[in-house]
Amino acid sequence: MELDKQYDPKQVETKWYSLWESEGYFRPRSDFPGAEGLKETSNPYVIVIPPPNVTGILHMGHALNNSIQDILVRWNRMKGADALWVPGVDHAGIATQNVVEKKLAKEKKTRWDLGREKFLKEVWKWKEEHGSTITRQLRRLGASCDWTRERFTMDEGLSKAVREAFVTLYERGLIYRGNYIINWCPRCQTALSDEEAAHKDVQGGLYHIKYPIAGKNGSYEKMGDDHIVVATTRPETMLGDTAVAVNPDDPRYKHLIGKKIVLPLVNREIPVIADAFVDPEFGTGIVKVTPAHDPNDFAMGHRHHLEQVNVMTPDGKINEHGGAYKGMDRFEARKKILHDLEELGLFIKRDSHLHAVGHCYRCDTVVEPYLSKQWFVKMQPLADKALKAHEQGKTVFSPDRWTKVYLNWLHGIRDWCISRQIWWGHQIPAWHCKKCQAADIGGRMEDGVKPGSSPSAIRHPSFDGIIVARETPKECPKCKGKDLVQDPDVLDTWFSSWLWPFSTLGWPEKTGDLKKFYPTSDLVTAPEIIFFWVARMIMAGLEFRGEVPFRRIYIHGTVRAASGLKMSKSLGNSIDPLEVIDEMGADALRYSLVMLSAQDVYLSREKFEMGRNFTNKVWNACRFVLMQLEDFKDGSVDPGQFKKETLSLPSRWILSQFEEKAAEIERYLGQFGLAQAAGELYHFVWDDFCDWYIELAKPMVQGQDAALKHQTQQVLFFVCERILRLLHPFMPFVTEEIWQKFKEKAKGTRWPKTLMLAPWPCDAGRRFGDAAAQKAIGILQKAVSGIRDLRSRFRIAPANKLKAVVACKEEATREVLRTFEREVKVLARLETLDCVLEFRKEGAMVANAFPEFDIFISLEGILDLGEEKKRLQKKLQETEQWITALRAKLEKPSFAEKAPQEILEKEKEKLEDAKKLLVSYQSQLASLG
RNA sequence: GGGCAGUUAGUUCAGUUGGUUAGAACGCUUCCUUGACAUGGAAGAGGUCAGAGGUUCGAGUCCUCUACUGCCCACCA
């Protein structure tokens, strides 16, 4: 692309991305023979991508997450590491199945019409057609993933890993199957894990209902006072009540314990039991007990050997146990039941009640606590290993506060329900021998145990008719029968995701990648995924590989809309990152996101302008440098040739400044301070390099002094090219485009083919540290700004060239300003600049005061001195106050005694400066009359 | 109910281990199309750092309490 005034991302992004990819630069260096001198590196840097959902599209959260990862990977790659970033997507069982089912619904078909096999074919077809949307979008973002290693959780290799993991856990006694209350989504018709049931506060009702005491009259129409009152939020579950419970110590109800109650509508006699779980303070102090529809009741039911009556069908309708209500939807039944109770005079009242209700995280349907037979992973032993690894300092979270969140979850770990009653996913590698297992069909109860805890011992030593195996078994090992049926359930998608750090590297095969790249270096992800994924990956890593899967975990902020709400499509407040890329470029998107990422990222469209403006600034600064370099042949700049004695002060300054900032950026990057690093870089490039160095370089480059010109060109080239390297991880496209032009200037020297592989420009040592130059440029900046300020205050047109006099308070200052005479004249638009030690004011002049010098310009009668007088008086007053405060501080004995010496010195210096200023203001004021 | 964050300029946020007269971006005011850049340059206005105590020579920064906001977790029906 020609060096137009405006940077146009469209012209370069695809070009460079496809070059990088096709030349294989995204692969680890050890994989491509062409990389100079880096064939065998012993420092791998590896990240695995948090696999996005195959149905997903790139949203801002992904854009932030992947920008951060790409910066880290590109940075490490430039540092010479054997950098690997493994991409991939997960199969998102429920979500993908939902998508395909919706598609079928348009043709008025269900998955049942097709049957399992055909349906799965449809899903695969959908995946082939649409499943790569998100990875295409990641390419637009510039993500330098090694696409040759891209993985999918349903791949052959990863499926093998899943099977291996399942069977291994089973063999270790960590997988069991049983009837428990799980979270059931009636719409998706599958079990969910606890993490997949998102609790939301809902303003619901607490319904008070009379239950008659059995016996006296035999029917509740005439019961009089012989009733109790229960309070419930889900009246429809009363159809499955098998007891009523009170607290054993509740004096109000002690006499009822052991009596019978007649369950209204169902007319079943149920006992009153005593259980310490019941809180006498809540509701009426009496709880209806529904063991098949509530986890607490399930536990209570088990303690008291109560019958479990399941009153619902998998799609959330009342079943045959619900008598007259059979076939009604659960919420419909709720209404009808309340209505019927009211007719019977049994309904007392509805209190408004705020409580947390589980919602399916995929379809937002209210989840039903539901008794069913599922597969579980016994988590305590896995969590213990993770806790131990933490004690050994192997899991390092950044920011550190997430450690606590993680540990809390591990401490309260509950068993993981891993079976799903859907078709898209890894079918459970368990086969049922029909002959041996006849009794097991039909949901026979196994011994119930309090939900959330594991059975004390897993019971599968005695054969229960289930064969769990890596390979499909041919016959039952016990009865030799051939009538084997694979368990129809599939595994939770997270059961494949938790293996991701090593399954993507080839496990369970013993691959070279696994050996070289495991454990990985960093994991970068969002906080909401700590439980779902991070914690489980750590557990899996320890269980299957004996080692944590990554050394550090960086948890970045959540992307929110400016309103503060989470950005989501359903709320209609999302900004499409692809649109931003189209409008402003991937570099602008990346830089803006990262700059804002110090904490949660609140976005609005305008925020991206910062990144866009900055990329454009970089573009133009480089364009200027290239223009200055037209007659410049020597691109092989060796920093060794820069000698302090021969360099100009501005050049010494920018080199010193560059080195300092580069070190700081390096430091920030090393501790995941990407926002700070980006901020430093932004200000260094914009303020130091563009606003000062380039402006100072102009007169030197355009002047007559050939040696100075050449030297300045060299420094411009040197610093600018290194700036491009520092910027590259953050904004890979512009920097590559313009760096290639720099490369053309450097004919004859060996540069890498791409900026991606240029060395990171941060050396350990300080070669250019230069306090004297820093100080000198400080004085120059003050002088120039001082004059500009006067010009602005007195409204002097830029065309009006001024005569300025600097009254220096020390000879050293005068020396500095004399060497900068030409620069100051250009930058402040002066006709003359006199540097003096003794100054006598003549005529109308105004001044700006600094501790080191006062700077005057003459004004020929144009102005209003009254304003200036007022301003000076104000300044004078401020300075007096400041001096008083400083004196007080210094004279305070406790301060003089206790403060460290260097602070003391600084304060004294401040006082001296303040005094000098005061004198300046006084004399100026006096001269104004 | 438990936990975690946040409260600093009109707005959105920085502010490392306590140590210059608290910074930036956007917005605002004034001036400037000077050959890198108007997606720009120069100058400026704008803050009792949520409130109250405490520790310290010194607190935006550490401690305690209070108020508000947001998030996460939790089986009180």
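Since the structure is predicted, the reported quantities are computational estimates derived from the model, not experimental observations. Below, chain A is the first sequence line, B the second, and so on; all start at residue 1. All heavy atoms count here, side chains included; hydrogens, waters and symmetry mates do not.
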Would you tell me if any nitrogen or oxygen in the side chain of A:Gln676 comes within less than 4.0 Å of OP1 or OP2 on B:rG15? yes

Check if the side chain of A:Lys607 and the base of B:rA25 share a donor-acceptor pair of N or O atoms closer than 3.5 Å. no

Distance between the P atoms of B:rC13 and B:rG54, in whole angstroms? 32 Å

Taking a pair to mean Watson-Crick or G-U wobble geometry with both distances below 3.5 Å, B:rG47 pairs with none

Test side-chain hydrogen bond (donor to acceptor under 3.5 Å, both in side chains) applied to A:Gln713 - qualifying residues, sequence neighbours left out: A:Asp631

Students often get this wrong, so: under 4.0 angstrom with heavy atoms, is A:Arg871 touching a base, only sugar-phosphate, or nothing? nothing

Output the rounded distance in Å from CG (A:Leu407) to C1' (B:rC72). 15 Å

Once you apply the 3.5 Å cut-off to both distances, tell me the Watson-Crick or G-U wobble partner of B:rC62, or none. B:rG54

A:Arg795 near the nucleic acid: base, sugar-phosphate alone, or nothing, with a heavy-atom cut-off under 4.0 Å? sugar-phosphate

Do A:Asp250 and A:Arg252 pass the salt bridge (charged side-chain N to carboxylate O under 4.0 Å, His left out) test, and can you show the C-alpha distance, the side-chain angles, and the key distance before you say yes or no? CA-CA 5 Å; A:Asp250 191 334; A:Arg252 292 174 297 174; 2.9 Å; yes

Describe the nucleic acid contact of A:His353 in one word from base, sugar-phosphate, nothing, applying a heavy-atom distance below 4.0 Å. sugar-phosphate

Is A:Lys349 paired with A:Asp351 through a side-chain N to carboxylate O contact shorter than 4.0 Å? yes

First of A:Asp687 and A:Arg612 reached from the 5' end of RNA chain B, by closest nucleotide: A:Asp687

Check every atom of B:rC4, B:rU39, B:rC76 against the side chain of A:Arg401 and return the nucleotide holding the closest atom. B:rC4

Pairing of A:Glu583 and A:Arg605 as salt bridge, 4.0 angstrom limit: yes

Which part of the nucleic acid, if any, lies within contact of A:Ala356, taking any heavy atom under 4.0 Å across all strands shown: a base, the sugar-phosphate backbone alone, or nothing? base

Roughly, in whole Å, what's the span from CD in A:Glu664 to C1' in B:rA14? 13 Å

Does a side-chain N-to-carboxylate-O contact under 4.0 Å join A:Arg871 and A:Glu868? yes

Going by heavy atoms in the side chains, are A:Asp294 and A:Thr237 under 4.5 Å from each other? no

If pairing means Watson-Crick or G-U wobble with both distances under 3.5 Å, then the partner of B:rG1 is B:rC73

Would you mind telling me which of B:rU20, B:rA36, B:rG19 lies closest to the side-chain atoms of A:Met627? B:rA36

Polar-atom pairs under 3.5 Å, protein N or O versus N or O of nucleotides 41-43 of chain B: list them with distances, or write none.
| from | atom 1 | to | atom 2 | distance (Å) |
| --- | --- | --- | --- | --- |
| B:rG41 | OP1 | A:Lys617 | NZ | 3.2 |
| B:rG41 | OP1 | A:Trp686 | NE1 | 2.3 |
| B:rA43 | O2' | A:Ser792 | OG | 3.2 |

Show the distances under 3.5 angstrom between N or O atoms of the protein and N or O atoms of nucleotides 56-60 of chain B.
| from | atom 1 | to | atom 2 | distance (Å) |
| --- | --- | --- | --- | --- |
| B:rC57 | OP1 | A:Lys898 | NZ | 2.0 |
| B:rC57 | O4' | A:Ser894 | OG | 3.4 |
| B:rC57 | O2' | A:Lys892 | NZ | 3.4 |

Salt bridge present between A:Glu695 and A:Lys698 (N-O < 4.0 angstrom): yes

Just compare B:rG3, B:rU16, B:rA25 and give me whichever is closest to any side-chain atom of A:Tyr668. B:rU16

Assuming nearest nucleotide by heavy-atom distance, tell me which of A:Phe531 and A:Thr284 is located more 5' along RNA chain B. A:Phe531

To the nearest Å, give me how far apart OH (A:Tyr361) and P (B:rC72) are. 16 Å

Is there a donor in the side chain of A:Gln671 and an acceptor in the side chain of A:Ser398, or the other way round, less than 3.5 Å apart? no

For the pair made of CD1 in A:Ile273 and P in B:rA77, what is the distance, rounded to whole Å? 18 Å

Is there a Watson-Crick or G-U wobble partner for B:rC26 with both distances under 3.5 Å, and which nucleotide is it? B:rG10

Apply the test side chain to side chain donor-acceptor pair (under 3.5 Å) to residues A:Gln881 and A:Thr884: give CA-CA distance (whole Å), side-chain angles for both, the deciding distance (0.1 Å), then the verdict. CA-CA 5 Å; A:Gln881 280 168 6; A:Thr884 315; over 6 Å; no

Applying a 3.5 Å limit to both distances, which nucleotide forms a Watson-Crick or G-U wobble pair with B:rG18? none

Find the distance A:Ile665:CD1 to B:rA14:P and express it as a whole number of Å. 19 Å

Quick one: closest heavy-atom pair of A:Val229 and A:Ile286, and the distance? O-CB, 3.6 Å

Does some side-chain heavy atom of A:Val246 sit less than 4.5 Å from a side-chain heavy atom of A:Ile273? no

Nearest-neighbour nucleotide for the A:Thr232 side chain, B:rA24, B:rA77, B:rA36 considered: B:rA77

Just to verify, which of A:Phe672, A:Tyr406, A:Trp402 counts as forming a ring-ring contact (aromatic ring centres under 6.0 Å, His included) with A:Phe397? A:Tyr406

Protein-nucleotide distance (A:Asp250, atom CG; B:rA77, atom C1'), rounded to Å: 15 Å

Any A:Asn613 side-chain nitrogen or oxygen under 4.0 Å from OP1 or OP2 of B:rG40: yes

Please report the distance, rounded to the nearest Å, between NZ in A:Lys801 and P in B:rU34. 14 Å

For a quick check, tell me whether the side chain of A:Glu609 and the base of B:rA25 share a donor-acceptor pair closer than 3.5 Å. no

Closest to the A:Asp279 side chain, choosing from B:rC37, B:rA77, B:rG40: B:rA77

Assign A:Cys622 to base, sugar-phosphate, or nothing according to its heavy-atom contacts below 4.0 angstrom with the strands shown. nothing

Taking only N and O in the side chain of A:His293, is any of them less than 4.0 Å away from OP1 or OP2 of B:rA77? no

Can you tell me how far C1' of B:rC73 sits from CG of A:Asp194, to the nearest Å? 12 Å

At less than 4.0 Å, is any side-chain N or O atom of A:Lys5 found next to OP1 or OP2 of B:rC37? Yes or no. yes

